[in-house]
There are 4 protein chains.
Amino acid sequence: MSKPREEKYQLILDAATEAFAEYGYFSCQVSKIARLAGVADGTIYLYFKNKEDILVSLFSERMGQFIQRIRHDVILCQTTQERLSTIVQTHLRYMQENRSLAVVTQIEVRQSDPQIREAISGPLREYFQLIEQVLAEGIEKQEIVLSDIKVGRQMFFGTLDAVISDWVISKKPRSLVGVEDTVIDLIRGAFKIKD
Amino acid sequence: MSKPREEKYQLILDAATEAFAEYGYFSCQVSKIARLAGVADGTIYLYFKNKEDILVSLFSERMGQFIQRIRHDVILCQTTQERLSTIVQTHLRYMQENRSLAVVTQIEVRQSDPQIREAISGPLREYFQLIEQVLAEGIEKQEIVLSDIKVGRQMFFGTLDAVISDWVISKKPRSLVGVEDTVIDLIRGAFKIKD
Amino acid sequence: MSKPREEKYQLILDAATEAFAEYGYFSCQVSKIARLAGVADGTIYLYFKNKEDILVSLFSERMGQFIQRIRHDVILCQTTQERLSTIVQTHLRYMQENRSLAVVTQIEVRQSDPQIREAISGPLREYFQLIEQVLAEGIEKQEIVLSDIKVGRQMFFGTLDAVISDWVISKKPRSLVGVEDTVIDLIRGAFKIKD
Amino acid sequence: MSKPREEKYQLILDAATEAFAEYGYFSCQVSKIARLAGVADGTIYLYFKNKEDILVSLFSERMGQFIQRIRHDVILCQTTQERLSTIVQTHLRYMQENRSLAVVTQIEVRQSDPQIREAISGPLREYFQLIEQVLAEGIEKQEIVLSDIKVGRQMFFGTLDAVISDWVISKKPRSLVGVEDTVIDLIRGAFKIKD
DNA sequence: TATGAATGAGGTTTCATTCAT
DNA sequence: GATGAATGAAACCTCATTCAT
């Protein structure tokens with residue numbers, strides 16, 4: 001009995017991801033999500049408290065999954081350089097495979113509505129902490145040079161974010177995978193990682 | 001005769017910047033802007049076609065000013081390193097002095113409502129081109145090492161963007177000026193600029 | 001399942017007829033129609049695209065019904081004189097029984113807002129064609145004398161229209177049925193119909 | 001000092017006639033009239049109490065002039081037949097020469113807004129009375145046969161009204177003068193005027 | 001007298017949410 | 001659980017009218 005419930009929950013979340021990506025959170029009506037999910041408008045409210053709850057759930061579900069994947073890949077690495085390269089690769093590839101999620105992330109990370117931003121900040125903060133941990137460990141082991149961990153993370157995340165932002169906006173994007181090496185190279189230079 | 005017209009135009013734009021920054025574009029009613037500007041609701045529409053036009057005008061006006069300032073500062077520089085450092089400094093200081101503009105910029109650049117994004121993209125693209133010009137010249141003069149100009153610009157802008165984004169979201173932000181040196185240092189490393 | 005939908009559609013159309021008749025199209029707010037129909041404002045928009053669509057639908061629905069009735073009555077007639085008399089009678093009686101429709105018809109047929117007029121013209125043109133057909137047949141069979149069919153129709157319709165217009169405007173109107181004979185008599189004279 | 005006042009008053013009335021004819025009373029903004037008249041919006045209110053007053057003034061001024069012209073032409077006639085023919089001719093020709101007035105008349109005669117209708121009814125009633133006088137005299141002198149004066153007037157006016165209505169709506173209208181003879185012929189038949 | 005920028009009441013329409021079926 | 005018709009609050013925008021210049 002709980003299986004179909006979970007299924008429809010995910011179905012709606014998938015639909016919402018597509019719909020938010022295409023129209024933006026505010027310009028996307030709940031009825032559009034319902035139609036895309038193949039359910040009635042009212043059904044949405046059996047699974048979510050309100051429209052905002054859809055967005056927030058979408059974030060913790062999908063971003064949570066994303067972070068878990070990255071965390072899993074990072075654990076297998078030996079050096080800081082490997083860890084950073086892995087994050088770059090996994091981040092870009094994951095977003096490339098989940099374009100709509102990438103779009104939603106781009107849009108909604110910066111939502112100014114304080115309530116929404118607060119609700120969203122959880123998973124993102126978790127990701128930031130993961131990056132900062134890697135950086136801290138790198139400094140400690142003298143594998144990288146960095147005078148301010150937070151700024152280091154901002155550079156690291158900001159670069160990936162900007163790359164994806166351009167990719168998302170661009171109508172004819174080149175593959176994200178193609179820029180991996182350049183990104184990694186720039187980051188290695190920034191953190192003074194030796195060859 | 002045209003002075004007071006221009007004055008009120010700027011007054012409304014200032015009010016809109018504050019209001020959009022506080023509530024976000026969609027959650028901010030036109031009446032809020034009007035009240036903040038000390039004018040009647042209808043007066044807004046003597047100066048702007050509609051709500052979207054306020055946002056778009058805000059962008060081209062204020063971002064245009066911002067880019068002009070950066071362009072002016074960059075012209076005075078001799079080396080690529082100086083140019084990049086100048087952009088970092090001017091960018092961060094300008095945003096620090098215009099927090100509300102920074103908020104709006106951070107938020108609305110990524111608005112996915114396609115119409116709005118299109119309208120906004122102009123000034124931003126201009127800024128991107130400026131950065132890319134500096135990078136291209138740096139490569140040519142062998143002052144920097146960079147295999148892909150676009151990715152270089154993404155790293156450069158993305159870093160600044162992430163720094164400001166954190167600063168804007170943070171309730172008790174440290175001064176942006178304090179991170180200038182770290183940012184410049186990271187970028188010099190990324191572009192392999194010698195001391 | 002479709003019954004209640006049709007019912008409410010007609011309910012709103014009835015309310016709109018009353019409301020437009022009392023206040024005129026422009027001076028009548030949608031909320032007035034809603035209140036009269038006993039539904040919420042928003043409900044109106046589940047059945048009609050917008051305010052104008054209400055008026056247009058009202059016209060094609062009600063006028064269509066009106067024309068059908070006349071067409072039905074005309075078919076049973078043998079002579080042109082009978083046909084013309086029947087149209088006069090049915091027209092006047094129908095309007096007398098549907099005063100609000102008469103008011104709306106009188107008022108809105110001539111709306112100069114070009115968009116509205118265009119939308120409304122369909123059913124009216126159909127009625128004009130019916131009259132002109134009867135006249136053409138009458139001429140052919142030499143039952144009437146008329147040098148210009150269009151002008152003949154204008155006289156025929158214009159007379160009925162003016163009679164109803166006066167009746168509608170008048171606060172204490174005499175019955176429309178009372179003038180039937182005079183109208184028929186005038187028209188018989190105009191078209192030189194022998195006794 | 002009173003001359004230019006009168007001039008501008010007429011100027012605005014002319015502009016209003018054009019503007020009402022093109023857009024209809026409700027869809028025509030006061031500012032449009034002002035622009036057409038070449039005066040400021042506020043100036044309108046030095047000459048007219050409000051928008052409605054423009055329409056009402058337009059009516060009594062222009063229709064008054066129209067009726068006066070008809071009255072003048074009718075006085076010169078000897079027989080009822082001449083009088084009726086003269087009214088038909090003058091009516092059609094006047095409207096043909098003043099198309100915008102014709103349009104406004106068509107539209108606004110039927111305004112359902114009770115206040116407006118009341119204000120307009122004056123000049124129109126005067127015209128109706130003139131027609132009814134002619135008919136009454138015709139009956140008395142046994143020049144025409146008519147059992148109900150009011151219905152007779154309705155037929156007479158309604159016919160002219162419908163002719164003009166079609167002419168006004170039609171994009172490529174035939175000249176109104178061309179139908180004069182047919183109209184007169186029909187009316188002579190209706191009133192049983194001998195040759 | 002003339003101006004036209006400013007006003008602000010009020011209208012149409014949208015859409016998140018509810019609830020009877 | 002599922003539906004989707006109905007709700008009604010609230011937003012954007014228009015435009016007749018005013019009034020300081």
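Nothing here was measured: the structure is a model prediction, and the numbers come from that model. Reminder, nothing fancy here: chain letters follow the sequence lines and each chain counts from 1.
If you measure from atom CD1 of I44(B) to atom P of dT14(F), you get 13 Å, rounded to the nearest angstrom. Protein atom CG of D41(B) is 9 Å distant from nucleotide atom P of dC12(F), rounded to whole Å. Distance CG (L55(D)) to P (dA16(F)): 13 Å, rounded to an integer number of Å. To the nearest angstrom, C1' of dG4(F) lies 18 Å from NZ of K32(A). Between the C1' atom of dT3(E) and the CD1 atom of I12(D) lies a distance of 13 Å, rounded to the nearest Å. Separating the CD1 atom of I54(C) from the P atom of dT12(E) is a distance of 9 Å, rounded to the nearest angstrom. The separation between E52(C) atom CD and dG11(E) atom P is 19 Å, rounded to whole Å. A straight line from CG of L46(C) to C1' of dG8(F) spans 12 Å, rounded to a whole angstrom.
Donor-acceptor pairing under 3.5 Å is recorded for the side chains of E6(C) and Q10(C).
For dA20(E), the paired nucleotide is dT3(F), the pair qualifying as Watson-Crick or G-U wobble because both relevant distances are below 3.5 Å. dC15(E) and dG8(F) make up a base pair, with Watson-Crick or G-U wobble contacts both under 3.5 Å.
Across every non-hydrogen atom of P123(C) and S60(C), the tightest pair is CG-CA, 3.8 Å.
Distance from the side chain of K8(B) is smallest to dA6(E) among dT12(E), dA6(E), dA16(F). Here the side chain of K51(D) is nearest to one of dT17(E), dT7(E), dA16(F), namely dA16(F). Considering only side-chain atoms of Y45(D), the nucleotide from dT17(F), dT7(F), dT17(E) that sits closest is dT17(F). Checked against dG4(F), dC15(F), dT3(E), the side chain of A40(D) finds its nearest nucleotide in dT3(E).
Residue Y47(B) has no polar side-chain atom (N or O) positioned under 4.0 Å from OP1 or OP2 of dA5(E). OP1 or OP2 of dC15(F) has not a single side-chain nitrogen or oxygen of S31(D) nearer than 4.0 Å. For K49(D), no side-chain nitrogen or oxygen approaches OP1 or OP2 of dT17(F) to under 4.0 Å.
Comment: D14(B) engages R62(B) in a salt bridge, judged by a side-chain N to carboxylate O separation of less than 4.0 angstrom.
Using bins of under 30°, 30° to 60° and over 60° for the plane-to-plane angle, the ring pair Y9(C)/Y47(C) lands in the tilted bin.
With DNA chain F read from its 5' end, the first of the two nearest nucleotides for T43(C) and N50(D) is the one closest to T43(C). Residues G42(B) and S27(A) each lie close to DNA chain E; by heavy-atom proximity, the contact nearer the 5' end of the strand is made by G42(B).
Crowding of E52(D) atom CD: a count of heavy atoms from other residues, nucleotides or ligands under 6.0 Å exceeding 12.
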